[in-house]
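Everything numeric in this text was worked out from a predicted model, so none of it was measured.
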Amino acid sequence: MNKADVIIVGGGAAGLFCAITAAKRGKKAIVLEHNERIGKKILISGGGRCNFTNTGATPKNYLSQNPSFCISALSRFTPANFLELIHKHHIDYFEKKDGQLFCQTSSKLIVEMLENECHDAGVTVMTGIEINTITKPDSFFIKTKNEYFKADKIVIACGGLSLKKLGATPFGYIVAKDFGHTLIPSRAGLVPLTWNQSDFKKYTALAGISTPVRGTVNKQSFEESLLFTHKGLSGPALLQISSYWNEGDTVEIDFLPQEKWDTLITQARTAHARQTVKNWLKSFFPERLAEVFNNELALSKNLADLNKADMEKLQNFLTRFPFKPMGTEGYTTAEVTLGGVDTTELSSKTMESLKTSGLYFIGEVVDVTGWLGGYNFQWAWASGFAAGNAV
């Protein structure tokens, strides 16, 4: 029988940080990870450089049915707090844009940092552990294929359903339901959106082309780059939009986000009156994209010859392009899982269940989902810190 003060189920960012925090308080902590190694999602994040936090992280950067839930944890463990640890371990980093901090070399440094912190604090980390059952007749009992574990406190930090290739499972949701918790329906977030049949025929040949846009859906807008793929649209702008998109919604895309249309077209018709629409489009977009747009617009005229209807058609196409996705690529490529354990049934200060004492939920398994850009890691650190100080 393996005994501990607290057992953390899940060796990702939230689980490891929770264990470190608890162990530094003198608690005997055991981390159980079902993969053969810890931190697999950390390793691939940020293109292998790990966008480990965002200096501008605030509650407004998170989606939840209970938007105020994340305020307490985020305020008590901030990006500046995590940077202290980064500096302690002499990890070089850089800001890509808008507060997004990445490792200068490799995300392996973040995993190594967490491993070293676990070692120094006395955390026991066990990998390749498949849990069969978790029960609580008095203390918590965990039964695996070959072993039993016992603890007064247990933290569920095993993530959501995103990135199945990394071993994502619904185990955290199963535990939550077993202990009487409500689940907010889950769906893929920060995920590419797929073409409908009509758009597939028109635009699939543009795969690989990227361009800056402003995407809008359900009154939420993001100004980032868009990437055409064989399956649909991706890139930071559309990944952000996907978390706010619901089936049947139309995404509005502005392909000229930095321009004021009236000024732009007036200046163009004055300075380049005899220029064709096709050549004018090439001054803004990659050639292949300009040609496809021109074919779709079917405006074989010079700028000076455009009538009012032509102008409206051109403006609507370029600044209010309607994209009605067939769906998303799903959990296979989704970076996060929206939904999860209903936060109205958890303490916002400690992450403890209001239904079962000693049971905690942190990280992605909870109905708190961040934007693209380091926000989800900051939630992992903050929620892990909150639970680690309570167990």
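Residues N66 and S64 have side chains that never bring a donor and an acceptor to within less than 3.5 angstrom of each other. Between the side chains of S139 and D152, at least one donor N or O lies within less than 3.5 Å of an accepting N or O. When only modelled atom types and interatomic distance are considered, K136 and S357 share a side-chain donor-acceptor pair under 3.5 Å. In summary, the side chains of N35 and E33 do present a donor paired with an acceptor at a separation below 3.5 Å, with no hydrogens or angles considered. With hydrogens and angles left out, the side-chain atoms of S162 and K41 include a donor and acceptor closer than 3.5 Å. When only modelled atom types and interatomic distance are considered, E117 and H89 share a side-chain donor-acceptor pair under 3.5 Å. Side-chain N/O atoms of E352 and S347 include no donor and acceptor closer than 3.5 Å. With 3.5 Å as the limit, one finds a donor-acceptor pair spanning the side chains of E345 and T182. With 3.5 Å as the limit, one finds no donor-acceptor pair spanning the side chains of S348 and S72.
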Throw together a table of side-chain donor-acceptor distances under 3.5 angstrom for residues 102-110, partners on residues two or more places apart or in other chains.
| unit_1 | atom_1 | unit_2 | atom_2 | d |
| --- | --- | --- | --- | --- |
| S106 | OG | K108 | N | 3.0 |
| S107 | OG | L43 | O | 2.6 |
| S107 | OG | G48 | O | 3.1 |

Show me, pair by pair, the donor-acceptor contacts under 3.5 angstrom made by side chains of residues 372-391, not counting sequence neighbours?
| unit_1 | atom_1 | unit_2 | atom_2 | d |
| --- | --- | --- | --- | --- |
| Y375 | OH | N54 | ND2 | 3.3 |
| N376 | OD1 | G370 | N | 2.7 |
| N376 | ND2 | G370 | O | 3.1 |
| N376 | ND2 | W371 | O | 3.4 |
| Q378 | OE1 | T53 | OG1 | 2.5 |
| Q378 | NE2 | F77 | O | 3.0 |
| W379 | NE1 | G363 | O | 3.1 |
| W381 | NE1 | F52 | O | 2.9 |
| W381 | NE1 | F377 | O | 3.3 |
| S383 | OG | G363 | N | 3.1 |
| S383 | OG | W379 | O | 2.7 |
| S383 | OG | A380 | O | 3.4 |
| N389 | ND2 | F385 | O | 3.0 |

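Looking at heavy atoms from C-beta onward, H34 lies out of side-chain contact with T127 at the 4.5 angstrom threshold. Counting only heavy atoms from C-beta outward, the side chains of M351 and F69 approach each other to under 4.5 Å. With contacts defined as side-chain heavy-atom distances shorter than 4.5 Å, the pair D305/R274 qualifies. Taking 4.5 Å as the limit, some side-chain heavy atom of V277 sits within range of a side-chain heavy atom of L306. The side-chain heavy atoms of D178 and I134, taken from C-beta on, include no pair separated by under 4.5 Å.
Between F222 and Y244, the angle of the ring planes lies from 30° to 60°, which puts this pair in the tilted group.
F293 and F285 have their aromatic ring centers within a separation under 6.0 angstrom. Checked against the 6.0 Å centroid criterion, the rings of F141 and F149 do not qualify as a close aromatic pair. Under the 6.0 Å cut-off for aromatic ring centres, H181 and F361 qualify, their centroids lying closer than that. H230 has its ring centre no less than 6.0 Å from the ring centre of Y203.
Counting heavy-atom neighbours within 6.0 Å of F284 CZ, excluding the residue itself, gives a total above 12. Atom CG of N295 sits in a crowded spot, with more than 12 heavy atoms from other residues, nucleotides or ligands closer than 6.0 Å. Counting heavy-atom neighbours within 6.0 Å of K3 NZ, excluding the residue itself, gives a total of 12 or less. The number of heavy atoms from other shown groups lying within 6.0 Å of CD (Q197) does not exceed 12. Taking a 6.0 Å sphere around NZ of K324, one finds it holds 12 or fewer heavy atoms contributed by other residues, nucleotides or ligands. Enclosure of atom NZ in K164 is not indicated, since only 12 or fewer non-hydrogen atoms of other residues, nucleotides or ligands lie within 6.0 angstrom. Counting heavy atoms of neighbouring residues, nucleotides and ligands inside a 6.0 Å radius, atom NZ of K231 does not exceed 12 of them.
Checked by atom type and distance alone, the side chain of S242 pairs as donor or acceptor with a backbone atom of V191 at under 3.5 Å.
Every residue was checked against the salt bridge (charged side-chain N to carboxylate O under 4.0 Å, His left out) condition with D199, not counting sequence neighbours, and none meets it.
Under a hydrophobic clustering in which Ile, Leu, Val, Met, Phe, Trp and Tyr are joined whenever their side-chain heavy atoms come within less than 4.5 Å, directly or via other members, L239 and F228 fall into different clusters.
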